[in-house]
Peer 1: 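The structure under discussion is supplied below as structure tokens; questions concerning it will follow.
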Protein chains: 2
Amino acid sequence: MFDLAQLRCFVAVADELHFGRAAARLHMTQPPLSRQVQLLEHAVGTQLLERTSRSVRLTAAGSAFYDDAIAIIGLAERAADTARRTGSGHAGRVVVGYTAVAGYVLIPSLLAAAAKVFPDIDIVLQEMVSTAQLQGLEEASIDLGFVRPLHAVGGVRHHRVSREPLMLAVPAKHPLAARARIRMQDLAGEPLVMYSRSEGKYFHDKIVALFGATAAPPRYVHHIAQTHTILALVRAGIGCAIVPASGQHLRLENVVFRPLWRADAIADIDLCWREDSRNPAAATLRRFVVERWKPPAALRVR
Amino acid sequence: MFDLAQLRCFVAVADELHFGRAAARLHMTQPPLSRQVQLLEHAVGTQLLERTSRSVRLTAAGSAFYDDAIAIIGLAERAADTARRTGSGHAGRVVVGYTAVAGYVLIPSLLAAAAKVFPDIDIVLQEMVSTAQLQGLEEASIDLGFVRPLHAVGGVRHHRVSREPLMLAVPAKHPLAARARIRMQDLAGEPLVMYSRSEGKYFHDKIVALFGATAAPPRYVHHIAQTHTILALVRAGIGCAIVPASGQHLRLENVVFRPLWRADAIADIDLCWREDSRNPAAATLRRFVVERWKPPAALRVR
DNA sequence: TTTCCTTACGCCTATCGTAAGCATA
DNA sequence: TATGCTTACGATAGGCGTAAGGAAA
């Protein structure tokens, strides 16, 4: 089989239609160039050039082969470049997990910023609850995860990227909708649509803690994994719910959001990654988020 | 720069993830294979494989490069095949000239037959009058031409492919339209739309010859290059015309065709080609037409 | 201890350059 | 006769195989 050097020889001769000039361009003498082209023709199995002692021209086969030779050489050069860029983390594919609510504001902002700085990194988004993301990191099915802070498995590191208040979501006609700000005891005995203890563990535990000191807790109804499902139930009048402020971006009719009288009613999001990740592009993106990226003002960690 | 052999080495290792097995597959020993892959990594400028003394796996860069390596090797193999097929005349591009009337029946029939036998030959059609085709052959701007028999320039050979009668085209309301068969003297003094002496030389000379022995020739009106234009004038009632029978395929309303009482009122078409053509596909197609192809029955040379 | 990738080294093939051959304008 | 491609041939760089080295299970 021929090799790339022979293709370069052939292309030079085809461009110049003159062995002498082609040889000069390749920084070699004519005789070995002639020989390489002959070897190429033998390897390909057909004549590519028609020579007289005074002129050189392409045969039909040579003309067809010339186009392919150019394509092959170009592809080879681009392949090396792509590999270098991938190795250095300036190109590649990064699978990013995110929780549904984080997607409303955080992810679009991140994608826009990252695409501008690293146009050759493909970001593949995958919506998953936090616990699934941590498992995904462990299995290396995702490279980065935007998760609610949970006890992470070993080898997974994290960085706080977002902080926002928890708010009360109530049906518009509910008496509490009239209050400017809600105290925990206002919810005594109220039906409260609750997060699942397993899949929505972060919010579940946080809400239980908020009511921990209260003598009269609310009445928990349902246990649901995701915020948008919870808000759908609030909208249907099933009860109130305590959800992150980002839930407002869903713009559900007949659901109003009210702040809570509690300084610790906050929800954070961490960026998580495996310490031993073998994806340079993921490391680049992670460094970008940790060191240079500013989330939207409403979500900024103070 | 790396060469194709190194790409093959890398692909084998990437496939097997084992230098020993890869070396066996390449019919060589491990050490030179290791060395080739190292050289490739050095040439590309980044690590492609991650080795421990017990395992081999692709880096992100290696994974990206693998896809390109497969593409390059595949392209190289197909390029050699394409060149061989082009050289042998089984693939390529053939520019075929044809006169407009030949296009009605002859060309579609030829294209269908040729495409079946030589699927990798691209036939590019170019409608030109016969004289332009002969010039095109000389300049090598066309490979083959379907022309009316004319005195060809040197180095151009020909083969008769089609023969059809000349007929009289008359406006439907013209008295001659009622005749089953026309004698030349029936046209005495009639306005006859005529071919151009330069661009429609074959028909011009033929028609002049048909009337050569007649005491009362027709009255020639206009001198036009192409049959379809002539027939448009007949349809407009300008006069009659003597045209090849294929003109009937235009299906012009208010124009009827009548046979002539003359055995020598025939129009031929020749396939023409340069003897020294350097296009193997053209030679293949030419041999196909000359040796194997049968034109439609109405045009067959008896 | 075995497996398996790398390094070391000698042999040999293959490429390069110089020199000569040969065809054409 | 000059140009420009090919063939011939000796020197050398580079690839292959064998042998030895070294790390991990």
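Below, chain A is the first sequence line, B the second, and so on; all start at residue 1. Here the structure is a predicted model, which means the values were calculated and not measured.
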Peer 1: Has the side chain of B/E41 got a donor or acceptor atom that lies under 3.5 Å from a matching backbone atom of B/L48?
Peer 2: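 Flag set: sc B/E41 to bb B/L48 pair under 3.5 Å.
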
Peer 1: Identify the 5'-most and 3'-most nucleotides of DNA chain C with at least one atom closer than 4.0 Å to a non-hydrogen atom of chain B.
Peer 2: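 That gives a stretch of C/dT3 to C/dT7.
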
Peer 1: Who passes ring-ring contact (aromatic ring centres under 6.0 Å, His included) against A/Y98, sequence neighbours left out?
Peer 2: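 For A/Y98 there are no ring-ring contact (aromatic ring centres under 6.0 Å, His included) partners, ignoring immediate neighbours.
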
Peer 1: So, does A/R274 use its side chain to make a donor-acceptor pair with the main chain of A/E138 at under 3.5 Å?
Peer 2: yes

Peer 1: Counting only heavy atoms from other residues, nucleotides and ligands, does the tally under 6.0 Å from CZ of B/R35 exceed 12?
Peer 2: no

Peer 1: Return the residues of residues 14-24 of chain A meeting this criterion: a heavy atom under 4.0 Å from some atom of DNA chain D. Order them by number, or give none.
Peer 2: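 Close to the strand are A/H18, A/F19, A/G20.
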
Peer 1: Is a side-chain donor or acceptor of A/H159 paired with a backbone partner of A/L271 at a separation under 3.5 angstrom?
Peer 2: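 Checking the backbone N and O of A/L271 against the side chain of A/H159, no donor-acceptor pair under 3.5 Å is found.
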
Peer 1: Does any residue of residues 25-50 of chain B have a heavy atom under 4.0 Å from DNA chain C, and if so, which ones, in number order?
Peer 2: B/P31, B/S34, B/Q38

Peer 1: Between the main-chain N or O of B/R148 and the side-chain N or O of B/S130, is there a donor-acceptor pair closer than 3.5 Å?
Peer 2: yes

Peer 1: Can you name the closest pair of heavy atoms from B/D268 and B/Y202 and give their distance?
Peer 2: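 Closest approach of B/D268 to B/Y202, heavy atoms only: N-OH, 2.9 Å.
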
Peer 1: Just by modelled atom types, is the B/G87 backbone N or O under 3.5 Å from a matching donor or acceptor in the A/Q47 side chain?
Peer 2: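 Looks like no, no N/O pair under 3.5 Å.
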
Peer 1: Going by heavy atoms in the side chains, are B/D15 and B/Y66 under 4.5 Å from each other?
Peer 2: yes

Peer 1: Would you mind listing every side chain to side chain donor-acceptor pair (under 3.5 Å) that reaches into residues 73-86 of chain B, with sequence neighbours excluded?
Peer 2: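 Applying side chain to side chain donor-acceptor pair (under 3.5 Å) to every pair that reaches into residues 73-86 of chain B, excluding sequence neighbours, yields B/R85-B/D120.
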
Peer 1: Within the side chain of A/D3, is there an N or O that forms a donor-acceptor pair under 3.5 Å with the backbone of A/A5?
Peer 2: yes

Peer 1: Under 4.0 Å from a heavy atom of chain B: give me the 5'-most and 3'-most nucleotides of DNA chain D that qualify.
Peer 2: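 In short, chain B contacts DNA chain D from D/dG15 to D/dA25.
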
Peer 1: If only atom types and distance count, is the side chain of A/R51 paired as donor or acceptor with the main-chain N or O of A/L49 below 3.5 Å?
Peer 2: yes

